[in-house]
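Reviewing the structure listed below.
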Amino acid sequence: MLNLYNTLTRKTEPFEPIKKGWFNKTVGLYTCGPTVYNYAHIGNLRTYVFEDILKRVLKYNKYKVKHVMNITDVGHLTSDADEGEDKLEKGAKRENKTVWEIADFYTKKFQENVQDLNILPPDIWCKATDHIPEQIKLVQTLTDKGYTYETSDGIYFDTTKVSDYGKLANLQNQELKAGARIEMGEKKNPHDFALWKFSPTNEKRQMEWDAFGRKGFPGWHIECSAMSMKYLGEQFDIHCGGIDHVSIHHTNEIAQSEAVTGKKPWVKYWLHGEFLNMGNDKMAKSGNNFVTLDTLKEKGISPLAYRYLLLQTHYRKQLSFSWEALQAAENGLKRLYDETARLKDLKIKRLKDLKISERFEAAVDDDLNTPQALALVWEGINNNIIDYKTLLKFDQILGLNLNNATEQQNNRTTIIPDEVQRLLDERAEARKNKNWAESDRLRDEIAKLGFNVEDTSEGQKITRHRS
Ligand code: AMP
Ligand code: ZN
């Protein structure tokens, strides 16, 4: 039974899709995608890897997953208080390109990152700028139902019209966190947010559309409501993002979506991934502590080593990035490839049934406990209770490309497992004592673990079996 921590109820709950029945096990999954004005940093990518694990675990549990990811290519402002510049327009100025070129370039870069990290691509990629009519329609419906008001710079959602506003983040009575600063402008209430912004009169925007009697552009939150409902229906199973989306972006998505449809809950399960930090600060595109996957590749570190690093920490725990930890993850992954290649070539199976598969499945079904799952992989390898086929089955979730282990491992020095080393030492001792029968027996034992021993003038030489 799959259990997931739901931010909405603040509990770990058994997962039960909205559409029940053996004949229809389709799960609707919406994951907030990147704002494409710059490279994704490895913090952003942590969130996408967590979502990928979720999707893989759902599939492993025999659900069909309909996964939708948006591309935010308009409307995400530099300030969460509906002030500031559109990040895309800002990126275009920085690089002296059109907004469309910027969006196109960073979308492709993001999709390369997705591929490099072995993240299963969504079934539907959708761009905000391709769904403007859907967004206008939602704003119009909200206006018709009396949820909006207009200011000089846009159409705003009146959060006091919704009695359970802020339920996801547990915001109460329009209270603000102590010390939080909010630009009120002409807003009536601190949490009210822009559904649609009017283009500034003193500046020509590159992206703008005719609606509500003048030129304007959508707010960031309405994009996700419009696109998720278009592809997944008025109510769907799972919505994810990074933890920073809880208090504003997802809170506002819920308010406006439930106001449009009148159906609750809009989404049954909300899952959020914790931050990747750099020192004590979260990694942020606006900060100068920002590392990309390309930087890792330039340093000769494989993207999958970063994936392996991420699997070692539960998605709901903060993770502090360090180059040392990444290097250790790279070494760990190489060892895993070595062991996988050895198990692949191993002719004789010596499996004891210690329920390794059941324990692995219980770990991932327990709110995606990947650190535990990885520990079980190593327990299986170290105790010789796992075979190649089982490892490949586990890799449907881990996504470390273990089926390419032999290629990954070629051209690297052989790492000798402890057990093999112990047998080699015993064999050296037997040969010293001219106990040839024992020496041959130990050679056979070593062969069973996937290694050949040759006796050379410099002593025993060990190589892997090649099939
Ligand atoms: P953005 O492209 O800024 O809209 O962010 C893309 C995704 O990355 C969102 O789901 C964010 O919540 C998430 N995110 C942003 N910063 C971090 C971080 N330091 N660690 C993990 N996830 C993050
Ligand atoms: Zn979103």
Side-chain angles (χ1 to χ4, degrees), residues 7 29-52 54 68-80 86-88 90-91 102-103 106-107 109-111 113-114 117 119 122 125-128 131 135 138 168-169 193 218-232 236 238-257 266-267 270-293 306 309-310 313-321:
T7 310
L29 170 67
Y30 186 86
T31 55
C32 285
T35 309
V36 284
Y37 69 108
N38 207 335
Y39 293 97
H41 57 61
I42 57 173
N44 301 129
L45 296 172
R46 179 180 187 201
T47 295
Y48 300 109
V49 169
F50 132 64
E51 292 161 348
D52 184 52
L54 169 66
V68 179
M69 191 190 293
N70 69 297
I71 298 286
T72 296
D73 56 354
V74 67
H76 194 170
L77 304 187
T78 49
S79 149
D80 279 340
D86 187 317
K87 292 184 179 185
L88 265 291
K90 193 174 169 189
I102 288 285
Y106 289 112
T107 301
K109 281 286 164 197
F110 176 73
Q111 288 169 332
N113 290 168
V114 163
L117 285 165
I119 291 172
W125 292 102
C126 44
K127 287 198 284 182
H131 297 78
Q135 295 166 59
L138 288 191
L168 183 72
F193 57 92
W220 171 38
H221 320 306
I222 202 75
E223 300 175 359
C224 284
S225 288
M227 290 185 275
S228 58
M229 286 200 274
K230 169 165 180 172
Y231 295 108
L232 298 173
F236 58 91
I238 311 180
H239 194 136
C240 305
I243 192 92
D244 54 332
H245 284 352
V246 175
S247 61
I248 298 177
H249 184 49
H250 290 166
T251 286
N252 293 345
E253 280 188 50
I254 292 174
Q256 66 200 7
S257 302
W266 175 48
V267 171
W270 287 87
L271 271 71
H272 294 97
E274 255 296 353
F275 277 144
L276 179 80
N277 292 331
M278 197 67 168
N280 293 327
D281 302 322
K282 83 161 205 183
M283 191 174 284
K285 287 186 201 176
S286 51
N288 49 11
N289 59 359
F290 150 172
V291 177
T292 65
L293 206 61
Y306 180 59
L309 174 78
L310 294 179
T313 302
H314 191 262
Y315 77 93
R316 287 197 291 118
K317 287 215 171 96
Q318 293 196 359
L319 169 59
S320 198
F321 178 77

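In listed order, ligands and their atoms are each counted from 1. None of the values given here were measured: they were computed from a predicted structure.
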Do the non-hydrogen side-chain atoms of [X] and [Y] ever get within less than 4.5 Å of each other?
| X | Y | value |
| --- | --- | --- |
| W125 | V114 | yes |
| V291 | M283 | yes |
| V267 | I254 | no |
| L45 | L293 | yes |
| C126 | N70 | yes |

Below 3.5 angstrom, do we get any N/O pair linking [X] and ligand 1?
| X | result |
| --- | --- |
| P34 | no |
| G242 | yes |
| I243 | no |
| K282 | no |

Note to self: Quick check for you: to the nearest 0.5 Å, what is the distance between N113 atom CG and N44 atom CG?
What the structure shows: 9.5 Å
Margin query: Could you measure the distance from the NE2 atom of H272 to the CG atom of L168? Nearest 0.5 Å is fine.
Written below: 5.5 Å
Report whether any nitrogen, oxygen or sulfur of [X] sits less than 2.8 Å from the Zn ion (ligand 2) (N, O or S, backbone or side chain).
| X | result |
| --- | --- |
| C224 | yes |
| H221 | no |
| H250 | no |

Checklist line | E274 touching ligand 1 at heavy-atom level, < 4.0 angstrom | finding: yes
Next item on the list: Mark the output for H272 as yes if a heavy-atom distance to ligand 1 is under 4.0 Å, and as no if none is.
Entry: no
Notebook entry, point to check: So, does Y30 use its side chain to make a donor-acceptor pair with the main chain of L232 at under 3.5 Å?
Noted result: no
Students should be able to answer this: which protein heavy-atom is nearest to [atom], and at what distance?
| atom | answer |
| --- | --- |
| atom 6 (C) of ligand 1 | Y48 OH, 3.1 Å |
| atom 21 (C) of ligand 1 | G43 O, 2.9 Å |
| atom 3 (O) of ligand 1 | K285 NZ, 4.0 Å |
| atom 9 (C) of ligand 1 | H245 NE2, 3.4 Å |
| atom 18 (C) of ligand 1 | F275 CD2, 3.2 Å |

Check: Which of these, E253, H76, H249, sits in a side-chain hydrogen bond (donor to acceptor under 3.5 Å, both in side chains) with H221?
Finding: H249
Next item on the list: Just let me know how M283 lines up against ligand 1, side chain, backbone, both or neither, with a heavy-atom cut-off below 4.0 Å.
Entry: both
Heavy-atom distance to [atom]: which of [options] wins?
| atom | options | value |
| --- | --- | --- |
| atom 15 (C) of ligand 1 | T35, N44, I42 | N44 |
| atom 20 (N) of ligand 1 | N277, L276, V36 | L276 |
| atom 11 (C) of ligand 1 | L310, T47, D244 | D244 |

Item checked: For H41, the option from Y306, F290, Y48, F110 that meets ring-ring contact (aromatic ring centres under 6.0 Å, His included) -> F290
Check: Looking only at heavy atoms, which two atoms of H250 and C32 are closest? And how far apart?
Finding: NE2-SG, 3.2 Å
Next item on the list: Establish, yes or no, whether a centroid distance under 6.0 Å links the rings of W220 and H245.
Entry: yes
Next item on the list: Can you tell me, to 10 degrees, how wide the angle at the Zn ion (ligand 2) is between SG on C32 and NE2 on H249?
Entry: 120°
